[in-house]
Amino acid sequence: MYQMKRPWIWVAMLGRMVLNGIKETGTLALFAIRGFINIFYPPFYWRIFWGSLLDIGYLSLPVVALTALFSGGVIALQSYTGMSQYHVNSAIANIVVLAVTRELGPVLAGLMVAGRVGAAMAAEIGTMQVTNQIDALKTLSTNPIKYLVTPRLLAATFALPFLVLIADILGVLGGFTVSVIKLEFSPEGYIAATLNAVKPIDITIGLVKAAVFGFLIALMGCYHGYRSRGGAQGVGAATTSAVVAASILLLVFDYLLTDIFFAK
Amino acid sequence: MNQPYPKIRIRNLSKSFGSNYVLRNINMDVMKGTSFVIIGGSGSGKSVLLRCILGLMAPDSGTIEIDGKNIFELSYSEQAEKLQEMGMLFQNSALFDSLPIWENVAFSLLNGHRKNQPRANRAQARKRANRVLKLVGLDANNIEDLYPNELSGGMQKRVGLARAIASKPEIIFFDEPTTGLDPIMGAIIDNLIVDCVKKLGSTTIAITHDMASAQRIGDQVAMLYKGELIWQGEADKLMYSDNPYVHQFTHGLYEGPIKMEIKV
Ligand SMILES: Nc1ncnc2c1ncn2[C@@H]1O[C@H](COP(=O)(O)OP(=O)(O)OP(=O)(O)O)[C@@H](O)[C@H]1O
Ligand SMILES: [Mg+2]
């Protein structure tokens with residue numbers, strides 16, 4: 001092979017990385033589009049859809065609920081220790097409800113679901129890929145994207161807002177519990193302050209974020225699973241990539257969406 | 001001479017993985033309503049050849065015509081239609097491990113894209129699955145609600161076979177249909193394959209390592225060696241071929257031109 005001078009090797013490697021990145025993004029975008037537009041072409045596989053909806057929406061409830069409960073509580077605790085010197089206790093309810101509905105609810109629920117569901121999707125589809133089950137789908141005249149990916153994308157997009165709504169409620173409840181029991185606030189005062197601070201628009205934007213996160217989590221799970229190669233090791237690697245990529249994408253999109261909706 | 005046009009016509013098909021040249025310039029014709037058997041050593045590329053014909057793997061060069069149409073020039077929907085007419089038994093069975101046996105067998109009736117045919121309802125599909133399972137010698141009533149991992153390897157193979165023939169496809173591919181079965185069950189399966197050809201008028205291509213089976217099911221036999229079809233002929237001439245490679249292979253002789261690459 002042609003030997004390049006040292007500095008140029010770095011340029012070549014950088015170039016290759018950029019090209020690979022572009023190629024990867026293109027493949028992913030194509031995959032997402034194929035997964036999405038199949039919604040409009042029958043048949044739609046309702047069984048897979050309901051199964052995933054149940055798995056994501058219902059079976060994630062305990063994880064998401066506990067996360068939200070304790071995060072709400074810890075916010076209350078932290079803001080109390082941080083602000084007790086200013087004697088503005090009523091602000092705690094305010095901080096809790098804003099933090100939970102705007103950020104913590106969607107992001108924490110999203111991250112928990114990414115770990116739980118994104119990994120499971122990647123493992124399941126990855127196993128199907130390496131054991132020829134996806135090829136078998138094709139020979140049984142079933143479009144694997146339509147059968148495996150489309151219902152999951154849709155289910156996750158619907159399930160996450162629901163989970164986040166629950167997380168919002170439980171997060172506030174966590175803050176309430178800590179404030180009333182540990183910090184000895186009056187329950188009526190806390191509730192009044194919360195109702196005063198909560199804005200429907202915050203909740204709505206949180207739910208929109210949640211829908212986007214749900215789509216991204218399922219997309220990463222399906223995409224990395226679908227591309228698995230090799231055996232058990234390949235599936236393991238796909239699972240890891242799915243969770244890592246989903247988590248990072250989720251935080252990036254969280255920033256972008258916040259920038260669009262809140263920064264005016 | 002006015003010969004009928006072959007159902008499957010392969011010309012100059014080549015496929016390599018990196019420097020591993022698996023198929024080199026394969027030419028073969030399979031007539032409608034006949035059974036074609038491919039024999040050859042382990043790793044000689046038999047499964048790859050089937051995958052290419054099914055369109056699951058893209059060859060490097062060459063053409064594959066089915067009903068006179070090159071499958072690589074078909075539109076996406078035409079390709080889907082072609083696949084609808086094909087069934088495949090995978091070497092590892094590739095059953096859907098998240099579905100019960102009967103749904104595996106009835107999969108294409110329940111989920112497949114079937115032009116001009118309404119999709120079966122679940123009761124009908126179940127009945128059909130039950131019938132086909134009995135056809136492959138399984139105790140349908142007892143196993144149809146089990147999952148693939150609850151069956152023995154040979155039983156899984158027969159479920160895979162049932163799944164491949166359930167929609168009565170025009171072309172059926174069998175990758176080692178009798179491997180892992182006891183001799184009597186092997187004979188039953190051979191009979192079943194012959195029936196598919198005779199009664200359904202299907203065209204079949206089967207891979208086998210069993211010479212008795214090759215003679216029972218095959219009209220034509222071809223031997224693949226180092227990526228080339230070194231011999232083709234009628235099944236009843238197989239055991240009397242004067243080709244030294246074929247002779248050694250079919251009689252399982254240690255001495256001969258084929259040297260197994262075993263380093264001691
Ligand atoms: N996806 C793949 N990637 C790389 N190499 C492959 C792939 N599939 C098959 N091969 C290679 O192609 C060759 C032929 O494989 P193939 O599975 O067709 O063998 P076979 O004739 O079916 O053998 P057996 O009788 O053991 O099933 C092997 O050398 C294998 O390593
Ligand atoms: Mg094989």
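Order of the sequence lines sets the chain letters (A, B, ...), proteins ahead of strands, with each chain counted from 1.
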> Considering all heavy atoms of both residues, which atom of Ala136(A) and which atom of Ala94(B) are nearest to each other, and what is their separation?
Replying inline: CB-O, 3.8 Å

> Are any non-hydrogen side-chain atoms of Arg163(B) and Leu140(A) less than 4.5 angstrom apart?
Replying inline: yes

> Out of curiosity, Lys138(A) NZ to Leu83(B) CG, how far, rounded to the nearest 0.5 Å?
Replying inline: 9.0 Å

> Is Phe90(B) close to Gln133(A) at the side-chain level, that is, under 4.5 Å between some pair of heavy atoms?
Replying inline: no

>> If I measure from the heavy atoms of chain A, does Ser98(B) come under 4.5 Å with its side chain, its backbone, both, or neither?
In response: side chain

> With sequence neighbours left out, what residues match Val208(A) under side-chain contact (heavy atoms from CB on, under 4.5 Å)?
Replying inline: Phe261(A)

> Which distance, rounded to the nearest 0.5 Å, do you find between the CG of Asp135(A) and the CE of Met57(B)?
Replying inline: 8.0 Å

> So does Tyr58(A) have more than 12 non-hydrogen atoms from other groups sitting under 6.0 Å from OH?
Replying inline: no

> Does any heavy atom of chain B fall under 4.5 Å from the side chain of Leu137(A), the backbone, both, or neither of them?
Replying inline: both

> Going by atom types alone, do Gln91(B) and Asn132(A) pair a side-chain donor with an acceptor below 3.5 Å?
Replying inline: no

> When rounded to the nearest 0.5 angstrom, what is the spacing between CG in Asp97(B) and OG1 in Thr127(A)?
Replying inline: 7.5 Å

>> Non-hydrogen contacts under 4.5 angstrom with chain A: give the residues of residues 145-160 of chain B involved, or none if there are none.
In response: none

> Where on Asn92(B) is there a heavy atom nearer than 4.5 Å to chain A: the side chain, the backbone, both, or neither?
Replying inline: side chain

> Residues two or more places apart in sequence or in another chain: which of them pass ring pair (Phe, Tyr, Trp, His ring centres under 6.0 Å) with Phe253(A)?
Replying inline: none

> Is the number of heavy atoms from other residues, nucleotides or ligands within 6.0 Å of CD (Glu78(B)) greater than 12?
Replying inline: yes

> Among residues 30-56 of chain A, which residues come closer than 4.5 Å to chain B, judged by heavy atom distances?
Replying inline: Pro43(A), Tyr45(A), Arg47(A)

>> At a 4.5 Å cut-off on heavy atoms, which part of Leu89(B) comes close to chain A: side chain, backbone, both, or neither?
In response: neither

> Distance from Leu110(B) atom CG to Thr142(A) atom OG1, nearest 0.5 Å?
Replying inline: 9.5 Å

> Side chain, backbone, both or neither: which part of Phe96(B) has a heavy atom under 4.5 Å from chain A?
Replying inline: both

